[in-house]
Amino acid sequence: MVVRQYNEELKYLEKINPYCWRIKKGFQPNMNVEGVFYVNGTLEKLMLDELRNACRPGMTGGFLPGVKQIANVAALPGIVGRSVGLPDVHSGYGFAIGNMAAFDMADPKSIVSPGGVGFDINCGVRLLRTNLSEKDVQPVKEQLAQSLFDHIPVGVGSKGIIPMNARDLEEALEMGMDWSLREGYVWAEDKEHCEEYGRMLNADPSKVSLRAKKRGLPQLGTLGAGNHYAEIQVVDEIYDKYAAGKMGIERLGQVCIMIHSGSRGFGHQVATDALVQMEKAMKRDQIETNDRQLACARINSTEGQDYLKAMAAAANFAWVNRSSMTFLTRQAFAKQFKMAPDDLDMHVIYDVSHNVAKAEEHVVDGKLKTLLVHRKGSTRAFPPHHPLIPVDYQLTGQPVLIGGTMGTCSYGRALSRAKSRRNIDYKEVLTKMENMGISIRVASPKLVMEESPESYKNVTDVVNTCHAAGISKKSVKLRPIAVIKG
Amino acid sequence: MDEEMGGLSEDDFEIPPVKYEYLDHTADVQLHAWGDSLKETFEQCGMAMFGYMTELDYVQIKEVHTIEATADDMMGLLYHFLDELLFLFSVEPFLICKKLEITEFNTEEFRIVCKCFGEEFQIGRHPQGTEVKAITYSAMQVIDEPKDNNQLTGNKQSEKTHIYWANGILISKSMISYLVFL
């Protein structure tokens, strides 16, 4: 990392408009392109404070601020356009979380980096709708929250309840949601409303280590811990009636369910295995990066291809995982309301990943190019008429799901875990949630503090910045009434 | 060895003192462990990881499993040691460890053999703590220089005072700090 005074660092940053900053070349060494990040006033302060802290004397041993990480990514071989930090951007492993970067697949020097996808491959959000109203759910809210908690395995050491053996896992890795459909866990139309139709075709289970498969098998169909959750939410505000209608959201108070989960230990092992391989490949191919955490390999190398195939298998694992929990959620609702999930209209509104790398066609400087797009903690937001979005959303554009945490609409860590645990009282958090009318079931009390609303950036800031910067348009606001967490 | 105690001897039930703590880090947690030797510090670091996943007071020693870890260097050895322990928890036998005892600690060939004492993790019996998803090298430090650190810290005896904060790294007698990626 280049060490300069904070004031010197600021010379490399330029505010282009109220919501967008440019990171000029030279901020970090060897930048091939410029960086850019989107923030509003509040988020801007957090971002710059992080940089200022890192500039304090004697802070060289700590972690890199997000803005430095965006610039380091801009120095990777084959990057095109800009290294982009989205409104929720914060420091992560190698790449910042909320970082998007695309690499020209026609350039033999272009790379793929596991750090650009994240350890939790295809961590994502799925939103289900129902035809229930808040008044239907309120009287049985506690029972429903408990039932969801009982149905969905959550937290450290929990095991999946959907029967699986090693052969089933192989098939699930290859087929993604097609496996869930074949086994009867999802509906055919669920696939239609899922990114990639819930199956990455380049998945190759033979490129996945036995270690990853062993870790994955007991965890399939589990929510996980940390910031993962299942929430019962109600429609709080409709900003765009037309777009909401296309999603089957008709009225205020309508009940939805949001599931935020990923590929569990399986994805982590795939990422870890790839990092080991790529460190070797970097030496062989003499790839230099600004940060050791940015381990990468050329897209066309054996290591690069093997990672992409294993990553696709992990992505499929995550879709099967969310599908299994969709099944369990439908079961819990069906039992509670003594109605079939079908009659409760429990359709998938959309399922979108925020940790993945995919080959996509985009226009760069007026030319159509095939790019390997890394998205980490950032979701795609395809416009109306894009060929890769389902027919139902052709006129509105792809729905973008931005999740909050612990009920309040909030996202992106502002306080560290340990600091949260010291400063925030467990009971206080629960009382506060209760006063807000939110039922909560959590496997670990510690987590209540770590993941409490105070620990996070306000998701409203994130959503409003996306809206103002023209990245996405606000259509519906959901307010949680019950939260299930690890 | 007493068969009735599952192949465990009486000594195996002795619980070592706690020589670790959890430090502040954005998004993740940083573990700091120390000991009189590097071997002890490694054991403590592993127990610190399990202590973050549950409350170890609730864990009983019912079975013992042996793991092996090898690497090319010291940091790699710590990484693989912890990774093997995490694996032992994540798959059969789903072992949550209360006590670790390194029986072979080879710092020339970078090889560890460790006996892991504990029981199968069971929801309901064991409180669910924070999930450790992967081990990373971020901010990992393995320090084995007792003399230098004594100078730095003025060789004070009390446990709190021999810890010293510098450059974002905690330095104590012989210590390890590492990051787990949550």
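In the text below, chain A, chain B and the rest are named by the order of the sequence lines, each starting its count at 1. Here the structure is a predicted model, which means the values were calculated and not measured. Hydrogens, waters and symmetry mates play no part in the numbers below; they use all other heavy atoms, side chains included.
Only the side chain of B/L86 comes within contact range of chain A, judged by heavy atoms closer than 4.5 Å. Using a 4.5 Å cut-off between heavy atoms, A/R264 contacts chain B through its side chain alone, with no backbone atom that close. Heavy atoms of B/E120 lying under 4.5 Å from chain A belong exclusively to its side chain.
Sparse packing is recorded around NZ of A/K214, with 12 or fewer heavy atoms of other residues, nucleotides or ligands lying under 6.0 Å away. Other residues, nucleotides and ligands contribute at most 12 non-hydrogen atoms within 6.0 Å of the CG atom of B/D72.
Looking at B/K98 and B/E119, no side-chain N of the basic residue comes within less than 4.0 Å of a carboxylate O on the acidic one, giving no salt bridge.
Ring-plane geometry between B/F105 and B/F42 is classed as perpendicular, the angle between the planes exceeding 60 degrees on a 0 to 90 degree scale with a lower cut at 30.
The candidate from B/F89, B/F121, B/F87 with the greatest count of non-hydrogen atom pairs under 4.5 Å with chain A is B/F87.
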